[in-house]
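Within every chain, numbering begins at 1; the chains are lettered A, B, ... in the order of the sequence lines, protein sequences first and strands thereafter.
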Number of protein chains: 2
Amino acid sequence: MQLNFSVKLNEKLYLRDPERSDLGKQIITAGIKMVYEIGYEQLTFKKLAAAIPTTEATIYRYFENKHKLLIYLVDWYWAYISFQIIFHLNNLTNAEDKIKKIIDLLVWEDNASEFAVDLDQKALYYISIAEGNKTYLSKDVDENNREMFYKPYKDLVQLIADIFKEYNPDYKYPRSLASSLVETSHFQYYFMQHLPRLCDFSDQKDPKEIEEFLENMVFGALNQQA
Amino acid sequence: MQLNFSVKLNEKLYLRDPERSDLGKQIITAGIKMVYEIGYEQLTFKKLAAAIPTTEATIYRYFENKHKLLIYLVDWYWAYISFQIIFHLNNLTNAEDKIKKIIDLLVWEDNASEFAVDLDQKALYYISIAEGNKTYLSKDVDENNREMFYKPYKDLVQLIADIFKEYNPDYKYPRSLASSLVETSHFQYYFMQHLPRLCDFSDQKDPKEIEEFLENMVFGALNQQA
DNA sequence: TTAAATATAATAGTAATACTATCAAAAATA
DNA sequence: TATTTTTGATAGTATTACTATTATATTTAA
């Protein structure tokens with residue numbers, strides 16, 4: 001079964017909606033590929049234009065600058081993960097199972113999606129890990145926050161926090177634990193790949209080990225006595 | 001009592017040792033101030049030179065580029081925190097107390113240091129929070145890792161992991177928990193300041209609340225049954 | 001179907017960034 | 001005092017991050 005997923009992202013992120021033209025979609029697709037391959041710092045609209053191919057000026061008609069393009073990509077990813085979580089939690093009643101499912105969905109393992117998505121998901125997953133923090137670790141954070149650029153991330157955190165509350169209504173830090181879970185899932189994945197001395201995972205680089213660690217951490221916190 | 005702290009950082013980080021000249025020290029001091037004030041992305045060696053004042057070319061004789069300058073600053077900070085932890089744990093025998101002390105030291109609260117330090121510590125703390133991840137979230141991570149640029153961070157994580165092992169010798173993920181603790185302490189602080197919906201702290205913005213959350217998380221994980 | 005509106009390509013240009021090079025003056029050191 | 005090292009002053013280059021203009025192609029609306 002193939003279902004479809006699409007989101008309407010914050011209009012202030014772009015000058016011209018990339019979803020609404022062929023070229024716009026190519027900018028997104030090639031943008032994902034390029035950020036994945038050479039990293040955000042090395043990306044320029046000139047290189048991106050050459051890859052599509054189109055002209056630099058044309059890309060500037062879609063996105064003001066590469067930072068907004070990055071936020072666009074990462075926002076898309078958060079919305080996608082939120083959707084996945086909502087979908088997969090639908091048939092679960094037990095809060096513990098839900099949390100385990102969330103952790104499973106946060107840590108990627110080539111789980112071929114049952115959703116038809118144009119974007120290269122695995123590349124986007126890596127982008128959200130390696131570049132995602134850069135969307136808000138910048139001097140523009142407060143301004144961007146006012147423009148609601150981080151809403152998809154906040155929605156995801158709230159979604160997870162609500163399940164934590166369901167599991168333990170007395171737990172005091174559901175949102176902090178949710179944001180920590182999301183960030184930690186990314187960092188431990190990155191460390192496993194690049195800085196193994198910062199974690200305890202085997203050479204197998206099996207994401208299942210990350211999930212075990214995260215389950216231990218999350219349930220440990222939620223079950224802790226006050 | 002005033003004690004002194006100084007470290008010898010990886011020689012490959014600089015072309016000329018900034019500790020060994022007045023101008024070098026000014027580059028570091030002004031660099032901290034400027035990254036703190038305008039952020040890493042906005043920093044240029046030209047602006048930095050104007051602030052000191054000296055010439056752009058002179059700064060290039062000390063540091064190859066601003067990324068290495070950033071790593072230099074952040075490495076210095078990790079080494080400093082490690083030193084603080086070693087010093088303050090000296091008179092503690094109980095592992096639980098040690099862990100609480102570590103958390104206390106990781107979360108800043110204007111605790112005037114008893115160590116004479118030339119650098120502006122509070123600014124450096126913010127830099128390590130807002131810019132620290134950028135030292136390794138880059139395409140050069142593997143190369144930089146081979147050059148041992150992340151050794152101070154790894155040493156800190158190992159130091160904390162050893163205390164976790166002391167507290168619970170059976171715990172499976174001491175290093176992962178240590179790196180998660182360090183990262184989480186930073187992110188929750190940043191969220192408290194800029195994105196409060198991602199955490200559960202009051203408007204007081206009291207770092208003590210972060211410490212409580214972190215203690216809950218760490219002891220929860222460490223006390224969890226296998 | 002044709003006219004009008006819109007999007008894109010092609011080209012050019014600017015200010016700032018991220019450097020490198022040269023050489024003379026100043027400062028440190030032997 | 002002579003020698004070495006460091007810094008300042010200046011210049012220059014390639015790339016980045018944009019903006020502007022105009023002609024052409026494509027889409028849409030009458």
How many Å lie between [atom1] on [X] and [atom2] on [N], as a whole number?
| X | N | atom1 | atom2 | answer |
| --- | --- | --- | --- | --- |
| Met34(B) | dT17(C) | CE | P | 11 Å |
| Tyr60(B) | dT13(D) | OH | P | 17 Å |
| Asn65(A) | dT19(D) | CG | P | 9 Å |
| Lys66(A) | dC18(D) | NZ | P | 9 Å |
| Leu43(B) | dC19(C) | CG | C1' | 14 Å |
| Leu69(A) | dA17(D) | CG | P | 12 Å |
| Ile38(A) | dT16(D) | CD1 | C1' | 13 Å |
| Gln42(A) | dT17(C) | CD | P | 17 Å |

Minimal non-hydrogen separation, Ser176(A) against Asp200(B), with atom names: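 Taking every non-hydrogen atom into account, N-OD2, 2.6 Å.
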
Pair Asn145(A), Lys154(A): side-chain N/O donor-acceptor within cut-off below 3.5 Å: yes

Applying side chain to side chain contact (heavy atoms under 4.5 Å, CB included), name anything that partners Tyr62(B), two or more places apart in sequence or on another chain.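 For Tyr62(B), the residues satisfying side chain to side chain contact (heavy atoms under 4.5 Å, CB included) (neighbours in sequence not counted) are Arg16(B), Pro18(B), Ser21(B), Leu23(B), Ile27(B), Thr58(B).
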
State which residues pass side chain to side chain contact (heavy atoms under 4.5 Å, CB included) with Asp155(A); sequence neighbours excluded, sorted by chain then number.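 In terms of side chain to side chain contact (heavy atoms under 4.5 Å, CB included), with neighbours along the sequence ignored, Asp155(A) is linked to Lys151(A).
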
Between the protein and nucleotides 5-11 of chain C, which nitrogen or oxygen pairs are less than 3.5 angstrom apart?
unit_1, atom_1, unit_2, atom_2, d
dA7(C), OP1, Arg16(A), NH1, 3.0
dA7(C), OP2, Arg16(A), NH1, 2.9
dA7(C), O5', Arg16(A), NH1, 3.3
dT8(C), OP1, Tyr62(A), OH, 3.0
dT8(C), OP2, Tyr62(A), OH, 3.0
dA9(C), OP2, Thr54(A), OG1, 2.1
dA9(C), OP2, Thr58(A), OG1, 3.2
dA9(C), N6, Arg61(A), NH2, 3.1

Of all pairs that satisfy ring pair (Phe, Tyr, Trp, His ring centres under 6.0 Å), the ones with a partner from residues 9-51 of chain B, not counting sequence neighbours: Tyr36(B)-Tyr126(B), Phe45(B)-Tyr60(B)

For [X] and [Y], take the angle between the two ring planes, folded into 0 to 90°, and tell me which bin it lands in: parallel under 30, tilted 30 to 60, perpendicular over 60.
| X | Y | value |
| --- | --- | --- |
| Tyr136(B) | Phe187(A) | perpendicular |
| Tyr125(A) | Tyr77(A) | tilted |
| Tyr80(B) | Trp76(B) | parallel |

Could you work out how much the helix from dT1(C)-dA30(D) to dA30(C)-dT1(D) bends, comparing the axis of its first five pairs with that of its last five, to 10°? 20°

Would the Phe87(A) and Phe5(A) ring centres measure less than 6.0 Å apart?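 No; Phe5(A) has its ring centre 6.0 Å or more from that of Phe87(A).
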
Strand-adjacent residues in residues 45-52 of chain B, judged by heavy atoms under 4.0 Å from DNA chain D: none

Mind running side-chain hydrogen bond (donor to acceptor under 3.5 Å, both in side chains) on Glu209(B) and Tyr173(A) for me, showing each step along the way? CA-CA 10 Å; Glu209(B) 297 182 33; Tyr173(A) 310 103; over 6 Å; no

Kindly check if the number of other-residue, nucleotide or ligand heavy atoms within 6.0 Å of NZ (Lys66(A)) is above 12? yes

